[in-house]
Structures are given as structure tokens and as C-alpha cells.
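Working notes, structure below.
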Amino acid sequence: MRIGWRYLAIGIAISVLLSSELLFLGKSRGALFAPTFPLELPIFAVLGSIGGLMTFTSDRTKGVFEYLLAYGVRPGNLFRNGLIATVAMSGIILGTALAIGLGLAEPRGVPLPESFWEALAYYTLPMSFGAALVTSTVGMIWASLSSPRAGLNSPVGIAPMIGTGPTILILLAAETAPTADYYYITGGASAALIVLAVVLLALSSRLMGRERFLSNI
Amino acid sequence: MEMRSGSPAPAPTVPPGSGTDGHRIVVRDLSSGYHGTRVLRSVSFTIEEPAIYVVLGANGAGKTTLFRTLAGILPAYSGSIEIDGETTREGGSGRHLQYLSHIDGFPDGFTVEEALRFYATVQGASEPDVARVVRLLDLGELRGRFFSELSQGQRKRASIARIFLQERGIYLLDEPTSNLDPKLAREIRDLVLGLSRHDVILYSSHNLFEAKEIGKYVLALKNGQVEYFGLLSDLRPKKYVVGIRATGAEGILAALTKKGDYYLQELAGPEEVPKFLNELVARGVQIREIKEMENPMEDLFT
């Protein structure tokens, strides 16, 4: 299993910059940190996890999978390794961003109410892994279904939008909706995305036949 | 040209020759392809003798599909493949054979040595095996370089190294000398010829001169079916044409068709060559060189 360290670094860098912005810039002086930070983390996680999909797409195009299949590696293992790389990268980014965000918030005395920890548990964690898995699964299926026409066989261009689109919409909706709806929006969204991820994973074994792992070259 | 059908039965068989090492491929009524579309249709053949089997066919004839199916990369839609006594339908035949794709298959961000180590691990080869193939393919200077930095020929050389990581007895080589300079192509052919003394080599190439030089048998595919399977030496061209480089007796030579430096003459067969030469010499033609102008394998592409 290999992962795209470049994308991991980008994801971590963006998360650090945005955490700093919430804590140090603007008029809020940290007041926005607790309600906003848990909603932003999944965006970083998805962006940073694109490296898993990049590696999958690159290995497929370059014929690496063709050799691995010839040496007896099962297609399911190739698919699973792509997902493991995605989850691993999401986890690293989440952990790093949380450590940095909390490490910066603590000395500034930013209040972290119980709702902050609840949002982390029922929205940030499931949404981060769910959105990253959906992005990766859709991207891998897209990559293997698409024809070799230029620009269409690379899912990497649209993949970030697949995962970050819902997380950004939820961020906007949760911040503008009445407070009472906050839990319904975030909890409902993370549950829906997890269900979508499970459905896609179940379908993937049917959609990813052996020839789907071969390069179009 | 004599044609021997390869499908569906009786399956063409190359009998075991002296020095057979027990490697055997039996393909029965095999159909395979991509996304449900059949590329190979009812292909049958049996290989039992260590030798180089040149796999020929026009683009789209099914050469790569045959290799991929034999290697277990693609599943068979119908029929069966028996390799060294084990019947496979899918799941890879890595234990029995080495496969060289026409694509390099080196991962991004790996140096040559890292990639060889990676494939050695996958194949169950060891660190000394990596060192051995680095020496064998003269990759010492390239071992620390990233694959993306290499020229086409260097990439091919590094890619070929992979098939020598472990001895398997059966080698499927899809255009192994494409993109190589003549010197390196010669070295690769010599390595493959060395293997063929005790191993079975299926070798696809569009270079008919190369095929003629190294092949003992020809497996020709046309539209996904076996067009010919047998000894290369048994192939006869539709036309037998000789070319001579000669001087003198201008009037006689002028009556012949000229192609480059060669005057061409169509004959009934090789048995007519001495008579033809004697007639020319008797008429004062000074012959410097004579060669067969037709490659019988060309007919397999028409």
C-alpha cells in the first residue's frame, strides 16, 4: 500500500491555516472555533485523502495492476488497498488537524463546550471517513469505467468536489440554519454519507471486474 | 502456405522434444475478452516442448488478450487453460509463469531498485535476486534513478529485469524488444534464447525478421482464432522470390524487376535457385549476393 504524501501534506497545511484563521484572525478571536472547526475538518480530510485515489489511478494507468494480477494478487485486494490508503490518510489528517487546532485553542483559553466534542463524535469523524470513502470509491469506479478519451479517464479533477461538495454545503447550512436544526443537519448528513459509502462499497465488487484494473494504453 | 486450424478440435500439438523440462500449456476451446466482448474465440493448442513460440497477428488479433488470459489477468469466458498440470480459469498463474506486458508497469515515485524490490516481494524473490537481475540487465547505473527519469529503452530494460527475478519455466513476453536499440535488443534476444533451452517462451513481436531469427514455432492469430500453429520452418510463402545483387550482362539484368539494390525473380521454390543462378552465370552475370525476399510470416498478416 502506498499513499500520496504530497496530498497528505497539502491537507495538513490547509487544516493548519484554517485553524489558525479561526483562532487568530477576524473579529471573533476564537469564538467561531468551537461551532465551526468540527464542520471544517471533513473538508481537510477529504482533500488530503485524494492521494489514495491518485495512487490507484496512477498504478492502473501505468500497468502496475496488470503485473500484480499476473502474480496472483486478487482484484478485491487492489481495491481494498486503495480504500485503506484513503482511510489512513483521512485519519492522519484528522489527527494532526485536531492536535494542532486543540493545541492552539487551549493556550488562548478558547471555550470548548460539550457540543464541540459531540459534533466531533457524531459529525466530524463519520463524515470525514464517509466522505473520503465515497470520494475514493466513486473515483476508482469512475477511473475504471471511463474510456481512454483525454480528460475523461482521470477522476482526480472532479473527485475533490464529490467529497468536499456535501461537506461545504453542510457547513453553510449548519451555520445559517436555526440552532435547533444544527444536530439534524449534521447528524443526518453524516448518516446519509455513511449509508452511501456502504452502498457503493457493496456495488464495487460487481462493477470492478478484472479488466477494469487494466490500463487503457 | 499450409494452414493448420487451431480450433476447436483436434487441438494442434507440439510434441515434446528432446530435453523437455516438463513445462506444459494446454489451452482448450478458450474464449476470452473484455467487458463481455469476445476477443479470443475457441482457441485451442498444446505446448510441451521448451522453445520460443512466436505469437504473431495483426493489431487486434488477440495476442495481448491471449497472454493476459494465460497469465490469469483476464478470466476465461469458456474453455480451460492447463498450465503445468493445473487448470486455471482466473486468479493468476504467477506460480507457473513470468509475464512481461507491453506496458512497463513501474509505480510512480519508485526508483528502479525500489520497484524491483517491490516486485521481488510480490513474487516471493529475495534481495540477492534483485542484485542478480541488476547485474544481468546492467542496471547498476540506473538503480537509484526514478523510473520517470529514464529513457524508453532504459525503462524497457528495467521492466524486463522483473521477469528474471524468479525462474518459472514458462515466459509470456509481449513485445519485449520494442523501443530497444539494436544492441540491447540483441542482448535481450540472447537472454531469451538462453531461457528457451529449458523453458517455454511465448514471444509476441511485430518484427518478422526477429521472429524468424529466434522462433522455432509460430502461433498465428487472426480475428481471435488460431490461424496457424506449427514449425516456423514448415511455413512456405505464397510466392518464392529471390533477390540478387549483381553486375554485368546489363541486358539480362534489365529484364528483371529491381527493388533497391536487388534484382528480383519469382521462382517455384528453393529447389529452382541453383538452376536460376547457373543460367545467370552462364550468361555472364557476376553475382555478389542472393537472398530470399519474402518472409513467409508476412502472409499470416494478410
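To find a chain, count down the sequence lines: A is the first, B the second, and so on, and within it residues start at 1.
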Starting at CZ of B:Phe118, measure out to OH of A:Tyr67 and round the result to the nearest 0.5 Å.
12.5 Å

dist A:Tyr71:OH -> B:Tyr119:OH (nearest 0.5 Å) comes out at 7.0 Å

Hey, what do you get for CZ (A:Arg210) to CG (B:Leu74), rounding to the nearest 0.5 Å?
8.5 Å

Side chain / backbone / both / neither for B:Tyr34 at chain A, heavy atoms under 4.5 Å:
both

Which atom of A:Glu211 lies closest to which atom of B:Gly36, heavy atoms considered
OE2-N, 4.3 Å

Which residues from residues 131-142 of chain B are near chain A, with near meaning under 4.5 Å between non-hydrogen atoms?
none

So for B:Thr65, is it side chain, backbone, both, or neither that comes closer than 4.5 Å to the heavy atoms of chain A?
neither

Rounded to the nearest 0.5 Å, what separation is found between the OG1 atom of A:Thr61 and the CD1 atom of B:Ile103?
9.0 Å

Please classify the contact between B:Leu100 and chain A as side chain, backbone, both or neither, with a heavy-atom cut-off of under 4.5 Å.
both

At what distance, to the nearest 0.5 angstrom, does CG of A:Leu214 lie from OG of B:Ser101?
8.5 Å

Nearest heavy-atom pair of A:Ser58 and B:Asp108: which atoms, and what distance?
OG-OD2, 3.0 Å

Just how far is it from atom CZ of A:Arg212 to atom NE2 of B:His35, taken to the nearest 0.5 Å?
5.0 Å

Salt bridge check, B:Asp104 against A:Lys62: does any charged N sit closer than 4.0 Å to a carboxylate O?
no

